[in-house]
Structure formats: structure tokens, C-alpha cells
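Chain identifiers are assigned alphabetically (A, B, ...) following the order of the sequence lines, protein sequences preceding nucleic acid strands; residue numbering begins at 1 within each chain.
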Number of protein chains: 2
Amino acid sequence: MNKEKNSPSVDSFKVKCKEHRLKTTPQRLAIYKELLRSDDHPHADIVFKKVRKIFPHISFDTINRTLLTFAELGIVAMVEGYGEPKRFDIKTDQHHHFRCIKCKDIVDFYHTSYDNIKVPENLQRQYTILAKRVVLEGICDKCGKKS
Amino acid sequence: MNKEKNSPSVDSFKVKCKEHRLKTTPQRLAIYKELLRSDDHPHADIVFKKVRKIFPHISFDTINRTLLTFAELGIVAMVEGYGEPKRFDIKTDQHHHFRCIKCKDIVDFYHTSYDNIKVPENLQRQYTILAKRVVLEGICDKCGKKS
DNA sequence: GTAAGTGCAAAGGCTTTGCGCACGC
DNA sequence: GCGTGCGCAAAGCCTTTGCACTTAC
């Protein structure tokens, strides 16, 4: 494993850009850095508002296009939702999610035994499985206290 | 367990409506029946096009509002996606999903050992877990043949 | 220098909201 | 008859597209 290449960092980002023949523009770098800072799976508009503080002239389209490009190339991941705006995650390694059904928060967690769950044989035969993920849903501590 | 109440059927639907003080209008019944017929987790527009064949004067808003109401009350489930239009599922019992990343098909499957996966203790303590679901992603047989 | 990327503007979808009329209970 | 639900229309977002200008390589 090449750590440089796989753990999210500014350096790994530059490497990935070269691999995909993407230009490492200041805008892209700023967007990537913002994602590095976030652990709440922000959507484009949140990233826009934050990056604009550093980059006042950046346009929303650049944010959106960049995030979609990153997602397509596997530089970032897209997280599943229920029809809300697309949300992005800097973590592309195997992990799992807890989702709060009230505040819509998504919390990442790692759990080796979930990584190793066996795919049912009939599905294994029929499909090419590329990713496995466990999604837990419920109510987070903050929302639990409110009610 | 009250089978009448829990397995999806027209009868169980009427019971559920009464429980939630919803009127069982012909429109709602038609929408519910259409979902009963579908196993591909359709979004509102698909349901609209199909129901309109039986109910030419039904409006899209009715479909959309009805589906959202059903989802909110737990009469149907909403399936997770990546920012596309909301998709709905008549199955509200525990099951899991395979998603094809190419054609976006979602296939339901049941797998007891997935139902019984243990929630990590630290999460168990912090959150109230209401649902567990395994999501497998990859390429389905149809898309696999094409490439 | 060249191709790729950015910013701006406009259009296209999907979803939501408000309101008068209709209809199930 | 009462209150919920429906249909229609309009508005509000989010996302996508096209194009000229700019910039990284």
C-alpha cells in the first residue's frame, strides 16, 4: 500500500490529480482542503459558503462541478441520502455510516467485523460486488435529549 | 404479529390508513396498488405515469404528496440514493439492498445473518438504533454483459 | 501554445407551497 | 356537514449546460 497515495492529504490529492490528468488549480485545492477539514459530509452549497471565505470570487458551479468530478474519479465519495442534495465524503476507504433520522447527521465509523461480512452466494454469482457497507439508522444523542 | 397489518396488501393498507386517520381515497389506493405491483423502487414520476393510465385526471402533486405522506407514516419506505429523485419501496420489513452503480437498479434481498449483525457497543450506548441495513454495491449481470 | 478549467448566465428538473373546490367519513 | 384531500398553478431550489475568457502544464 502506498500511504501517500491512499490516505487523504494535500500531497495525495496532487498525486491523484496527476494520475487522472487533472490540473491542480487553486480552486480545486481549496475545495479539497475544505473537505479534509469537514467530517460532516457537506453538500455543495456548504462547501461553497466555506471556500468563498478564502476564495471570494469562486463560483458555485466550480464547486459543484469539481465535487462531481472528484466523485466520478473516486477522489472523494458520495454518500447515500434520501433525495436531498448530494453529499460528499473525503473518506474513500471502507467504513460504515450511522444516520440520525431527525437531524440527518451522518456519522462515519469503522468496524472490522462489518468489513468482513460474507456476500450471499447467489448474489456473489449474479453480481460483481465492489463495495459493502452497513447503514445504521436511528436517533443520535443530541436529538434523543431534546425529546 | 398481526399478519393482516404488516404484510403489504390492500387490506393492510386500509387498516394503516385508519390507524393514521388518513382517508382511503381512490387515488391513494391506486398509488398503493401501483407500489404493490412494482419491485423496482420507483420514483414519483414513474408512479405518476403508471397510475395516470388508470386515473387519467390524477395530478403529479397528489402522487408526490401521497408518497411523502406514506413514507412519513411508515406505510412505505424511502430508499437511499445519491441525490436523484426520491425512490419508494412498499417493503417496510427488514431487508437489504444491492445497487448497480451503472444502471442504478436496486435489488432487494433478505439475508438473516445480516439482520442479526451486532451493533458496536460504543454506538449502541450513544445512539438509539432503529434500523440496520447492508448495502452492497457493484455491477449487475445485465450491465456486466454489456461491457 | 494548447487543452482544460473557471465564471457567468440561463435553462431545466424536481419538489414544495397556497388556495379554492370536491369528497370520504 | 366537517375536515381532509385533490388538482392546478406558481415559486423555489438544486443541478446542468453553453460559451467566452483564463490559466496550469
For B:Tyr127 together with A:Phe98, are the ring centres under 6.0 Å from each other?
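So the answer is yes for these two rings.
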Would you say the rings of A:Phe70 and A:Phe13 are close, in the sense that their centroids are separated by under 6.0 Å?
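Yes.
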Among [options], the nucleotide that comes nearest once only the side chain of [X] is considered:
X: A:Leu68; options: C:dG7, D:dT16, D:dG7; answer: D:dT16
X: A:Thr62; options: D:dC25, D:dG7, C:dG7; answer: C:dG7
X: A:Asn64; options: C:dG24, C:dT16, D:dT15; answer: D:dT15
X: B:Pro85; options: C:dG7, C:dC14, C:dT6; answer: C:dC14

Interatomic distance, [X] [atom1] vs [N] [atom2] [rounded to whole Å]:
X: B:Leu29; N: C:dG24; atom1: CG; atom2: P; value: 12 Å
X: A:Lys86; N: D:dT15; atom1: NZ; atom2: C1'; value: 7 Å
X: B:His57; N: C:dA22; atom1: NE2; atom2: P; value: 14 Å
X: B:Met78; N: C:dC14; atom1: CE; atom2: P; value: 16 Å
X: A:Ile58; N: C:dG5; atom1: CD1; atom2: P; value: 14 Å
X: A:His20; N: D:dA24; atom1: NE2; atom2: P; value: 21 Å
X: A:Lys18; N: D:dA24; atom1: NZ; atom2: P; value: 14 Å
X: B:Glu84; N: D:dC14; atom1: CD; atom2: P; value: 17 Å

C:dC25, OP1 or OP2 - any side-chain N/O from B:Thr24 closer than 4.0 Å?
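Indeed, a polar side-chain atom of B:Thr24 lies that close.
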Is there a side-chain polar atom (N or O) of A:Gln27 under 4.0 Å from OP1 or OP2 of D:dA24?
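For D:dA24, neither OP1 nor OP2 has a side-chain N or O of A:Gln27 closer than 4.0 Å.
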Would you tabulate the nitrogen or oxygen pairs shorter than 3.5 Å linking the protein to nucleotides 17-23 of chain D?
residue: D:dT17; atom: O4; partner: A:Asp61; partner atom: OD2; Å: 3.0

Check: B:His41/B:Asp108 side-chain N/O donor and acceptor closer than 3.5 Å
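Judged by distance alone, the side chains do pair up.
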Return yes if a side-chain donor-acceptor contact under 3.5 Å exists between A:Tyr110 and A:Asp115, otherwise no.
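Result is no, nothing qualifies.
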Identified side-chain hydrogen bond (donor to acceptor under 3.5 Å, both in side chains) partner of B:Arg133 from the options B:His95, B:His96, B:Glu80
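Only one of B:His95, B:His96, B:Glu80 forms a side-chain hydrogen bond (donor to acceptor under 3.5 Å, both in side chains) with B:Arg133, namely B:Glu80.
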Give the table of side-chain donor-acceptor pairs shorter than 3.5 Å for residues 50-65 of chain A, with sequence neighbours excluded, one pair per line with atom names and distance.
residue: A:Ser59; atom: OG; partner: A:Thr62; partner atom: N; Å: 3.3
residue: A:Ser59; atom: OG; partner: A:Thr62; partner atom: OG1; Å: 3.1

First of B:His43 and A:Arg21 reached from the 5' end of DNA chain C, by closest nucleotide
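Final value for this comparison: A:Arg21.
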So, applying side-chain contact (heavy atoms from CB on, under 4.5 Å) with B:Phe88, which one of B:Ile75, B:Leu68, B:Val47 is it?
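Passing option: B:Leu68.
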